[in-house]
Amino acid sequence: LGKTAASTTITRFGAAAVTGAARDFPADHVVQPAYKTTWGRALAGTGQLDRARTILLDALVDFRRFRPDTHTDLAGVRLGLGAVYRMQGQLRESERILREARAVMLANPRQQSMSAGTAGELGLTLRAIGNRPEGEALLAESHTGFKTLLGDAHPYTRRALARLNGATN
């Protein structure tokens, strides 16, 4: 999830978007947790990990009111939570939740970008745990996925290559 200008901008407007969604949409509308997911992942990208975890856990609870656990919306929340847990050093929890997200993404092959992102996050977690072979394979899968989908020059592809070459975030 890296610290980027985009994450900073999204973070700045995230609270306003969530507040606006609460005002403009019914409580059971899918936009509520979708905005929370985006905001939580942006907070993680700027290093605000405790706040990110809280927002993402809220999004997970909200999505579960009207989406099955196998829906890609919940996988997106899990992707963010898994990254937060990894960055907080909670590697086993990161692995657990990212494996849940990966199972959903493998069942939804058209979601290529999120699948590549999930593979990369799980790869980083497994490498940190000490499971280098599986971690490296997932990092390579992530890089290949982003390269195929977005090309060599895209920031996601470049970050996936950096991770494959040893970067930890």
Side-chain angles (χ1 to χ4, degrees), residues 1-129 131 134-135 138 142 145 156 159 163 168-169:
L1 287 172
K3 295 180 183 178
T4 66
S7 291
T8 302
T9 300
I10 292 169
T11 298
R12 192 171 66 230
F13 293 108
V18 170
T19 300
R23 182 190 61 236
D24 297 339
F25 295 93
D28 63 347
H29 196 284
V30 71
V31 77
Q32 305 279 359
Y35 280 166
K36 287 179 182 178
T37 301
T38 300
W39 185 25
R41 290 179 66 182
L43 287 165
T46 60
Q48 298 176 61
L49 300 179
D50 289 336
R51 192 166 181 211
R53 186 183 65 240
T54 298
I55 298 295
L56 289 166
L57 287 170
D58 284 350
L60 192 62
V61 168
D62 290 351
F63 266 134
R64 283 181 167 152
R65 289 193 324 231
F66 42 81
R67 295 274 199 247
D69 269 350
T70 56
H71 196 282
T72 56
D73 284 345
L74 279 87
V77 178
R78 287 184 178 109
L79 173 57
L81 276 171
V84 167
Y85 287 135
R86 177 182 53 78
M87 290 185 278
Q88 290 181 321
Q90 298 178 47
L91 298 177
R92 292 296 176 193
E93 185 62 11
S94 175
E95 178 186 7
R96 183 191 67 76
I97 203 157
L98 287 168
R99 286 194 186 279
E100 290 174 2
R102 180 153 167 81
V104 171
M105 297 320 304
L106 289 173
N108 292 278
R110 291 211 240 164
Q111 299 283 335
Q112 295 172 2
S113 182
M114 192 162 42
S115 184
T118 303
E121 287 296 336
L122 182 55
L124 287 176
T125 296
L126 293 173
R127 187 169 64 190
I129 288 171
N131 184 349
E134 186 181 5
L138 287 166
S142 176
Y156 289 179
R159 182 182 63 205
R163 287 174 164 184
T168 59
N169 204 10

Item to check | salt bridge (charged side-chain N to carboxylate O under 4.0 Å, His left out) evaluation trace for E134 with R99 | outcome: CA-CA 12 Å; E134 186 181 5; R99 286 194 186 279; 2.9 Å; yes
Item to check | Taking every non-hydrogen atom, the tightest pair across G40 and A52 | outcome: O-CB, 3.3 Å
Checklist entry - Side chain of T37, backbone of P33: donor and acceptor closer than 3.5 Å? => result yes
Item to check | Derivation of the side chain to side chain contact (heavy atoms under 4.5 Å, CB included) call for I129 and R92 | outcome: CA-CA 8 Å; I129 288 171; R92 292 296 176 193; 3.4 Å; yes
Next on the checklist: Rounded to the nearest 0.5 Å, what separates atom CD in Q90 from atom CZ in R96?
Outcome noted: 11.0 Å
Item to check | Minimum heavy-atom distance between R163 and G120, given as atom pair plus value | outcome: NH1-C, 4.0 Å
Next on the checklist: Main chain of G117, side chain of S142: is a donor-acceptor contact present, judged purely on distance under 3.5 Å?
Outcome noted: no
Next on the checklist: Any non-hydrogen side-chain atom of Q88 less than 4.5 Å from a side-chain atom of E93?
Outcome noted: no
Next on the checklist: Tell me which one of L91, L98, L138 satisfies side-chain contact (heavy atoms from CB on, under 4.5 Å) with L126.
Outcome noted: L138
Checklist entry - CD of E100 to CG of L74: how many Å apart, nearest 0.5 Å? => result 10.0 Å
Next on the checklist: Enumerate the side-chain hydrogen bond (donor to acceptor under 3.5 Å, both in side chains) contacts for residues 102-116, please, sequence neighbours excluded, ordered by first and then second residue.
Outcome noted: R102-E141
Checklist entry - So which heavy atom on R41 is nearest to which on L79, and how close? => result NH2-CD2, 3.2 Å
Next on the checklist: Between E95 and Y85, is the side chain to side chain contact (heavy atoms under 4.5 Å, CB included) condition met? List the steps.
Outcome noted: CA-CA 9 Å; E95 178 186 7; Y85 287 135; over 6 Å; no
Checklist entry - Checking R86 side chain against A128 main chain: does a donor-acceptor pair fall under 3.5 Å? => result no
Checklist entry - Can you name the nearest heavy-atom pair linking T168 to L124, along with the distance? => result O-CD1, 4.0 Å
Checklist entry - Got V104 and H71 here, is their nearest side-chain heavy-atom distance under 4.5 Å? => result no
Next on the checklist: To the nearest 0.5 Å, what is the distance between CZ on R78 and CZ on F63?
Outcome noted: 11.0 Å
Next on the checklist: Rounded at 0.5 Å granularity, tell me how far CE in M87 sits from OG1 in T125.
Outcome noted: 9.5 Å
Item to check | Where G80 and L56 come nearest, the two heavy atoms and their spacing | outcome: C-CD1, 3.6 Å
Next on the checklist: So, applying salt bridge (Lys or Arg N to Asp or Glu O under 4.0 Å) with D73, which one of K36, R64, R67 is it?
Outcome noted: R67
Next on the checklist: Y156: which residues meet the ring-ring contact (aromatic ring centres under 6.0 Å, His included) condition with it, sequence neighbours left out?
Outcome noted: F146, H154
Checklist entry - What distance do D50 atom CG and L43 atom CG have between them, rounded to the nearest 0.5 Å? => result 11.0 Å
Checklist outcome for this item: Shortest non-hydrogen pair, M105 vs A75, comes out as SD-CB, 3.7 Å
